[in-house]
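Worksheet for the structure shown next.
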Amino acid sequence: MLETASATDRPYDLLIVGGGVNGAGIARDAVGRGASVLLVEQDDLASYTSSASTKLIHGGLRYLEYYEFRLVREALTERERLLKMAPHIMWPMRFVLPHSKLVRPAWMLRAGLFLYDHLASNMTLPKSRAIDFRTHSSGRPLKADYTKGFVYSDGWVQDSRLVVLNAMDAGERGADIRPRTRLVHAERVNGLWQATLEDRTTGTTQVVQARALVNAAGPWVARLLADTLKIPNSKSVRLVKGSHIIVARVFDGPQAYIFQNPDKRIVFAIPYEQKFTLIGTTDIPWKDAPGRVGIAPDEITYLCESVNRYFKTQVKESDVVWSYAGLRPLYDDASANASAVTRDYVLDLDTQNGAPLLSIFGGKITTYRKLAEHALEKLAPVLPAVAGASWTANEVLPGGDMGEGGFDAALARLRRAAPWLVPSLAWRLLRNYGSRAYEIIGEANSMKELGDVLGGDLTTREVDYLIDREWARTAEDVLWRRSKLGLHLNEAEKTKVADYVKQKTA
């Protein structure tokens with residue numbers, strides 16, 4: 001049943017359309033400056049691009065080849081900040097780069113890594129160095145053909161959790177966060193944006209007003225402008241599909257690998273969820289409408305062949321236990337090669353008729369916080385509510401205040417506080433929730449007091465937390481975006497989770 005509310009309430013300062021990392025980051029920054037914020041997302045938070053990344057906090061070593069020095073410097077600076085903001089869901093990782101005579105010469109790799117180490121002044125991670133695979137432990141999984149290479153530092157992130165934590169922080173500071181809410185229509189009326197929103201769960205609609213609108217719709221940014229807002233714009237995005245495969249663990253150790261292919265593209269092989277290896281990504285131009293996408297058989301073959309050039313243990317298409325794909329909305333800079341399209345972002349401000357509209361083209365997960373700062377700097381002259389000082393660079397995200405000594409010390413404290421926790425569960429709770437793990441545990445004094453076990457080590461108490469605090473409404477939200485427990489549960493257990501979530505959200 002449709003039910004329409006009139007636009008009589010006080011206008012929001014900012015209406016943000018898009019619940020990916022950019023939208024959530026802008027919402028957090030803006031509400032922290034004192035603005036009233038409403039964020040709407042047509043599906044779950046991080047449903048699309050922001051949960052389909054390679055899950056790296058990195059400067060983008062290969063972007064140096066395309067002279068993207070500003071972007072790489074900004075990303076490397078942000079990498080250091082982000083690793084401190086959420087040490088539970090982000091952590092440093094060493095990347096091993098074998099030298100292949102078929103691709104880039106060793107001197108070029110060495111020069112690129114030197115730049116990578118020195119472009120950012122605040123780098124605290126170990127710098128790059130040359131290694132001999134005949135004596136270095138990282139050479140064990142590699143074929144004997146590869147004797148020399150390099151190792152350098154970057155970071156890892158649980159990407160969809162990064163989005164949720166930004167949304168949580170925004171919500172706790174007063175922002176109105178509405179997943180599963182679609183912008184149906186918006187127009188400028190008397191100097192304000194008047195927007196019709198549809199609650200996709202109930203089918204009801206509501207009209208709200210806002211002083212400014214941010215189009216952070218990712219793959220839909222151009223369509224939102226053209227179809228929903230009816231506003232012409234000369235800028236556009238180029239959609240590029242990136243796909244990944246998950247296989248049983250191919251190599252031991254905490255290091256990741258970055259492999260060069262003869263087509264000059266690169267593929268990562270990364271330790272994943274303790275028992276697996278993540279392999280990706282592809283760069284496939286996407287001409288169809290944005291939406292949910294899946295991996296194609298030829299992409300699986302390409303990724304297998306890419307790692308099989310290097311690893312002794314060969315990966316077959318039949319080894320794939322899960323795959324995921326997403327569309328990257330890259331700013332269209334007219335590059336002929338999809339891999340060469342800039343990963344930089346462009347912010348387009350339209351102030352016609354006095355109601356500002358800011359559209360975001362491009363971007364990457366590592367630079368989301370800086371993008372949010374730049375977005376509000378651009379809006380500040382026409383929206384005084386966001387003109388306050390930037391504040392997010394040194395403020396931890398929810399759960400990031402884990403105390404002295406880093407993750408290991410925090411884990412030891414959690415184990416002392418709840419010695420009855422299964423060790424693997426204590427580790428996982430701290431990795432996903434940081435200090436918020438104590439909220440899940442609450443007053444419990446035994447595993448039994450955490451409720452029923454739905455599968456693996458997932459308890460009803462944890463699912464309740466995800467529903468109450470993190471907007472989870474389906475089993476997919478719980479098993480694939482708030483966690484990756486879908487990799488560890490069997491079909492019967494997944495059904496049990498789905499039934500419980502449905503019952504709790506009915």
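The figures that follow rest on heavy atoms only: side chains count, while hydrogens, waters and symmetry mates do not.
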Derivation and outcome, side-chain contact (heavy atoms from CB on, under 4.5 Å), residues Val307 and Tyr257 = CA-CA 9 Å; Val307 296; Tyr257 291 84; over 6 Å; no

Which of parallel (below 30°), tilted (30 to 60°) and perpendicular (above 60°) describes Tyr310 and Phe259?
-> parallel

Assign the ring pair Tyr152 / Tyr116 to parallel, tilted or perpendicular, where the plane angle (0 to 90°) is split at 30° and 60°.
-> perpendicular

At their closest point, which heavy atom of [X] faces which heavy atom of [Y], and how far apart are they?
| X | Y | value |
| --- | --- | --- |
| Leu71 | Asp344 | CD2-N, 3.5 Å |
| Leu327 | Thr49 | O-OG1, 2.5 Å |
| Ser153 | Leu125 | CB-CB, 3.6 Å |

[X] [atom1] to [Y] [atom2] distance, which is reported to the nearest 0.5 Å:
| X | Y | atom1 | atom2 | value |
| --- | --- | --- | --- | --- |
| Leu347 | Leu371 | CG | CG | 5.5 Å |
| Ile441 | Leu421 | CD1 | CG | 4.5 Å |
| His99 | Met108 | NE2 | CE | 10.0 Å |
| Leu278 | Trp156 | CG | CH2 | 5.5 Å |

We want to know whether [X] and [Y] form a side-chain donor-acceptor pair, criterion being a heavy-atom distance below 3.5 angstrom.
| X | Y | value |
| --- | --- | --- |
| Asn261 | Arg309 | yes |
| Asp477 | Thr474 | yes |
| Gln255 | Ser138 | no |

Could you check if a side-chain atom of [X] sits within less than 4.5 angstrom of a side-chain atom of [Y], using non-hydrogen atoms only?
| X | Y | answer |
| --- | --- | --- |
| Ile26 | Val214 | yes |
| Ile360 | Val221 | no |
| Glu68 | Glu74 | no |
| Met168 | Trp471 | yes |
| Pro290 | Leu239 | yes |
| Arg482 | Val164 | yes |
| Val478 | Leu458 | yes |
| Pro254 | Arg94 | no |

Neighbour count above 12 (heavy atom, 6.0 Å) for [X] [atom1]:
| X | atom1 | result |
| --- | --- | --- |
| Lys275 | NZ | no |
| Phe114 | CZ | no |
| Asn394 | CG | no |

Run the side-chain hydrogen bond (donor to acceptor under 3.5 Å, both in side chains) check on Glu439 and Tyr433 step by step: do they pass?
-> CA-CA 9 Å; Glu439 291 187 26; Tyr433 308 105; over 6 Å; no

Donor-acceptor pair, side chain of [X] and main chain of [Y], under 3.5 angstrom:
| X | Y | result |
| --- | --- | --- |
| Lys127 | Leu113 | no |
| Trp286 | Ala289 | yes |
| Arg180 | Glu41 | no |
| Asp348 | Ser359 | no |
| Lys494 | Ala475 | no |
| Ser390 | Glu373 | no |
| Arg265 | Thr282 | no |
| Ser435 | Met402 | no |
| Thr366 | His58 | yes |
| Thr147 | Phe133 | no |

Check for me whether [X] meets the cation-pi criterion with [Y], that is, NZ or CZ under 6.0 Å from the six-membered ring centre and within 45 degrees of the ring axis.
| X | Y | answer |
| --- | --- | --- |
| Lys55 | Tyr324 | yes |
| Arg431 | Phe407 | yes |
| Arg70 | Tyr345 | yes |
| Arg292 | Tyr48 | yes |

Worked check of side-chain contact (heavy atoms from CB on, under 4.5 Å) between Lys370 and Thr77 = CA-CA 10 Å; Lys370 196 66 179 177; Thr77 301; over 6 Å; no

Going through the checks in order, is the salt bridge (Lys or Arg N to Asp or Glu O under 4.0 Å) test met by Asp132 and Arg134?
-> CA-CA 5 Å; Asp132 185 334; Arg134 292 167 295 190; 3.1 Å; yes

Check this for me: does any side-chain nitrogen of one of [X] and [Y] sit under 4.0 Å from a carboxylate oxygen of the other?
| X | Y | value |
| --- | --- | --- |
| Glu470 | Arg436 | no |
| Lys316 | Asp319 | yes |
| Glu493 | Lys496 | no |
| Asp283 | Arg62 | yes |

Report the C-alpha distance between Asp44 and Glu476 in whole Å, list the side-chain angles of each, state the deciding distance to 0.1 Å, and finish with yes or no for side-chain contact (heavy atoms from CB on, under 4.5 Å).
-> CA-CA 10 Å; Asp44 183 30; Glu476 185 180 0; over 6 Å; no

What do the steps show when you test Arg249 against Thr277 for side-chain hydrogen bond (donor to acceptor under 3.5 Å, both in side chains), and what is the final call?
-> CA-CA 5 Å; Arg249 189 167 58 195; Thr277 298; over 6 Å; no

Reference residue Arg428; test side-chain contact (heavy atoms from CB on, under 4.5 Å); the match among Glu273, Glu462, Gln274 | Glu462

Hey, mind stepping through Leu411 and Trp427 against side-chain contact (heavy atoms from CB on, under 4.5 Å) and telling me if it holds?
-> CA-CA 7 Å; Leu411 180 59; Trp427 184 92; 3.8 Å; yes

